[in-house]
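So the structure is just underneath, and the comments pick up after that.
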Amino acid sequence: MKQSLIRNFSIIAHIDHGKSTLADRLLETTGTLSSREQKDQFLDKMDLERERGITIKAQAVRLKYHADDGQDYILNLIDTPGHVDFTYEVSRSLSACEGALLVVDASQGVEAQTLANVYLALDQDLEVFPVLNKVDLPSAEPERVKAEIEEIIGLDTSDAIVASAKEGIGIHEILETIVRKVPPPRGNPDAPLKALVFDSWYDPYQGVIILVRIIDGSLQKGDKLLLMANRKSYELLKVGVFSPHPVEIGSLGAGEVGFIIAGIKVVGDAKVGDTITHLHRPTESPLPGFKVVKPMVFSGLYPIDSSDYDALRDAMEKLRLNDSSFSFEPENSLALGFGFRCGFLGLLHMEIIQERLEREFGVDLITTAPTVGYQVTTVRGEELVVESANKLPEVQQIASIREPFILGSVHVPNEFVGAVLALCEEKRGIQREIKYLTATRVMIVYELPLNEIVLDFYDRLKSITRGYASLDYEYLDYRESDLVRLNVLINNEVVDALSLIVHRDKSQFRGRDLVSKMKEFIPRQQYEVAIQAAIGNKVIARETVKALRKDVTAKCYGGDISRKRKLLEKQKEGKKRMKQVGSVELPQEAFLAILKVKEQK
Amino acid sequence: MFSLYIHVPFCRRKCPYCDFYSVPAEAAALADYPALLCRHLELTDKEDWSGPVETIFFGGGTPSLLPPAAIAAVLTRTASLFGLSADAEITLEANPGTVTPATLAGYRTAGVNRISLGIQSLQSEQLQRLGRIHSSQDARQAVAWARQAGFDNLSCDLMFALPGQSAAALQQEIGAFLDLDPDHLSCYGLSLEETTPFYHLHRAGGLALPDDELYRQHYLELHETLQGAGFDHYEIANFARPERQCRHNLTYWRRRGYLGIGAGAHSFHQRNWGRRLAVPSDLPAYATALDRGSDPSQEIESFDRLGAMSETLYLGLRTAEGVAEESFRDRFGLGVAAAFPAALRQAGPRLALREGSWRLDLQGWLLFDHLISPFL
């Protein structure tokens, strides 16, 4: 394949700005996918993603395009995940490309997430050209949004493409622009092999499937390969491309994108960002930018029915086959029994894993409130990493605690600036910058403790800005903080699974709000239920769920028996998701009550 | 041996709290109905249902809309087809607004020996709000007439936890009922069934029902007062003078067999672990099926051993006699404690084995749904 006829590109867009529809339209227009064959939004592989409208797994599709200049081009569309938890994956996918379409909703304008990804693309010298999507909508204001793109990003929009993926407007122009503006790959076909792993996943029949971009050299079936970060070698069993269904082609040359299968058993052995070379003719240095991603958010996952423990472990093992950034290890809670402490890249990642465990594997779960990893120095000089509030040593044992901070950028229309500043201050943020990107759009940058973000920052942000704010963040560092453990007692017994680590200044408020929220979630029972929040031995808040006074079906005669019994059975079905803790039945939501705390009074 | 329930699905007016099947009382439909009942009895499998019949209960709807001759015809047909025990209990539900001295005497002569009067309240304002067609004067008169007709087994329905009802009002109500000197009282807290006008009225905020705490107080008050007056609180909602418990209803709670006749009636057959059948609540379809010569009952539920154990407790624990451990073990091969350890633990001291039987106490009855749920 001549490199001059290859174009590798990706699409950068905010959620809902129409990336998946546009990708589908490109597949359809180039004849890669017939419209009959099209399942809505082909690139979103998993059901869950389809429901949320988010693409999580990057994928690469080869399009054949007969351009207006009479030549046949290969266009490789490299899809990127669209969420802040997956920034590293996005950066690797982008580095497999030479260009990117910046798709912006012509009525919504530029969002923080988009901006972050555009910067990633520009950092890697990608040719970025703007596409204004959804121009068919009555609310579309392409001229305003163009001006915004120029002002905020500094991209020339004089030849920005005006499109509607839904209506098929501007698609031909987009394809021509890709051919004209995205530079062809510049790799050296004769140099030692240098291929970038930009995605990998586990397939039960084939083992690990790796998506690669060949930077230099070439590979073919039968080659002995070396994964440089992993330092393991494999024989290349299959080489192919997705178009969009997998097709074996036997070899890939410099500049090309495709998949390889090499008998690798676990995705952890083919990490995103790793460099593949030949075992016997290796390249001198791996590609830059490789990083082992580490979980930043942790929570306990417990089966509601303790007999599901093995099923849960099996399910987690299966998920980890496909997701090396998800970690778990056994954990034991007095209240919840045997379960797992799990690590996630971020909150969305956590939600996705939980949902998949429940939906695909049918395990009902109790999830404990998310927490972050703390660094603790004890008075004896030991260094600990604490990922669960229960593991925090007693106060007198602690010399210092450090918590992770992030740099958060919030993009917001100017009318919400006050509210967002107040929220960031409440969340112990340190202001870095307030930048008016345009007369009406503001970027607010804060250093924030991740601990506050994982609790309810994002929901609060969305609610105070009526959904107009978008958030992007990156990790900064660990900083010393005055943190304490907040315990929750149910009928005077500490429920370990409900403990939290909070800042001392926030502890009163958190405690009060938590117990009052829990009171709403705990149904009345045969006896009164006392809920208390305490720091050490000091109770700081208390609520009582009164005992049930009456719960009886007055009449039950011959014609009522089946129906009324079934009604009770149905109610009981709803209660299945309750966990018996001591003498009290706690519903699932009670364990996440802390996330539902809304306003600081 | 079995019990027979006969459903009479006609009402002059539908009460706004009631979700039982009934249709408007049109003269032609009423006139045709007894023949349908007799036909239904004829089509019933006599192998499945072997007599004699121990108890009969005409329920509704409003059975007292049928004339004595109709009742007599159905009873005669029953006796000839299945046989009738000499001491059979034969109950008829009657609306106080529909009876006369003559009809009551007629029912008695036809063989009815227990009358259950749907009085509900003796306070005019409440009767009006409940949409009843009778006055408190009608109610008192009906009781007097029934006694004159020779009914020595008379039951009244009493409703409590009514909109706006205070503790003092309930006291007064109970006193008024006791003045009628009934043999049996069925006391129902007003409950909101989803398909009723009261339910929607309540949802819209137009019905001030007593809260759970007041319901509880009313219930305890009823228990104290009626027990003090010589009534035995023998089921969650039922009180009786000695020897005056409703034998028919006990059949339900003891999970014994009963045959249901009439549109909307249910049957329970004991064979194996039991199955329950229902006649669809559809009068025209009922008539059509009988015309075709087929039994209109359809199975709605069939039980396995565990289901039968659960339901035995679900029904039996409603009664003061409870569930006898020995007969439970004889029937199912293991005791209650072995079958439902977790549910028993959750019930705590409210449910205990006393004198050989598992029984809920009064507080337990107030939380019956909550406590029984783990057994289901």
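Just so you know, these numbers use all the heavy atoms, side chains as well, and skip hydrogens, waters and symmetry mates. Chain A is the first sequence line, chain B the second, and so forth, proteins listed ahead of strands; every chain is numbered from 1.
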Can A:Arg359 and A:Gln354 be counted as having a side-chain donor-acceptor contact under 3.5 angstrom? no
Heavy-atom neighbours of B:Gln217 CD exceed 12 at 6.0 Å: yes
Intermediate values then yes/no, side-chain contact (heavy atoms from CB on, under 4.5 Å), B:Ile6 and B:Ile56: CA-CA 7 Å; B:Ile6 297 167; B:Ile56 300 179; 3.9 Å; yes
Checked B:Asp212, B:Ile300, B:Ile236, B:Leu366 vs chain A; the most non-hydrogen pairs under 4.5 Å come from B:Leu366
Of the backbone (N, CA, C, O) and the side chain (C-beta and beyond), which part of B:Leu367 lies under 4.5 Å from a heavy atom of chain A, both, or neither? both
Between B:Ser186 and chain A, which part of the residue has a heavy atom less than 4.5 Å away: side chain, backbone, both or neither? side chain
Residue part contacting chain A, namely of B:Tyr215, when any heavy atom lies under 4.5 Å: side chain
Flag if over 12 foreign heavy atoms under 6.0 Å of CD, A:Glu317: yes
Checking side-chain polar atoms at under 3.5 Å, does B:Glu193 have a donor or acceptor matched by the opposite partner on B:Thr195? no
Contact part of B:Glu301 toward chain A, heavy-atom cut-off under 4.5 Å: side chain, backbone, both or neither? side chain
Validate the cation-pi geometry between A:Arg320 and A:Phe328: distance from NZ or CZ to the six-membered ring centre under 6.0 Å, angle to the ring axis within 45°. yes
Side chain / backbone / both / neither for B:Leu190 at chain A, heavy atoms under 4.5 Å: neither
So which part of B:Trp253 gets closer than 4.5 Å to some heavy atom of chain A, the side chain, the backbone, both or neither? side chain
Given side-chain contact (heavy atoms from CB on, under 4.5 Å), test B:Phe10 with B:Thr62 step by step and report yes or no. CA-CA 6 Å; B:Phe10 302 100; B:Thr62 313; 5.7 Å; no
Would you say the side chains of B:Glu173 and B:Ser121 form a donor-acceptor pair under 3.5 Å? yes
Contact part of B:Asn238 toward chain A, heavy-atom cut-off under 4.5 Å: side chain, backbone, both or neither? side chain
Would a distance-only check, ignoring hydrogens and angles, find a side-chain to backbone donor-acceptor pair under 3.5 Å from A:Asn491 to A:Ala530? yes
Worked verdict on B:Tyr252 versus A:Ile561 for side-chain contact (heavy atoms from CB on, under 4.5 Å): CA-CA 8 Å; B:Tyr252 299 143; A:Ile561 296 169; 4.2 Å; yes
So for B:Phe268, is it side chain, backbone, both, or neither that comes closer than 4.5 Å to the heavy atoms of chain A? neither
Proximity breakdown for B:Asp19 and chain A, heavy-atom pairs closer than 4.5 Å: side chain
Close approach to chain A in residues 254-266 of chain B, criterion heavy atom under 4.5 Å: B:Tyr258, B:His266
Indicate yes or no for a side-chain donor-acceptor contact from B:Arg318 to the backbone of B:Glu235 under 3.5 Å, with no hydrogens or angles considered. no
Among A:Gln525, A:Lys555, A:Glu569, which residue has the highest count of heavy-atom pairs closer than 4.5 Å to chain B? A:Lys555
Does any backbone or side-chain atom of A:Lys566 lie under 4.5 Å from a heavy atom of chain B? Answer side chain, backbone, both or neither. side chain
For B:Ala320 versus B:His233, what's the shortest heavy-atom pair and its separation? CB-O, 3.7 Å
Identify which part of B:Phe303 has an atom lying under 4.5 Å from any heavy atom of chain A, answering side chain, backbone, both or neither. side chain
Exceeds 12 heavy-atom contacts within 6.0 angstrom, atom OH of B:Tyr188: yes
Distance alone, cut at 3.5 Å: any donor-acceptor contact between the side chains of A:Arg485 and A:Ser499? no
Engaged part of B:Gln346 at the chain A interface, taking heavy atoms whose separation is under 4.5 Å: both
Count the heavy-atom pairs under 4.5 Å between each of B:Thr251, B:Asp211, B:Leu315 and chain A, then report the option with the highest count. B:Leu315
Which bit of B:Ala347 is near chain A, if near means a heavy-atom gap under 4.5 Å: side chain, backbone, both or neither? backbone
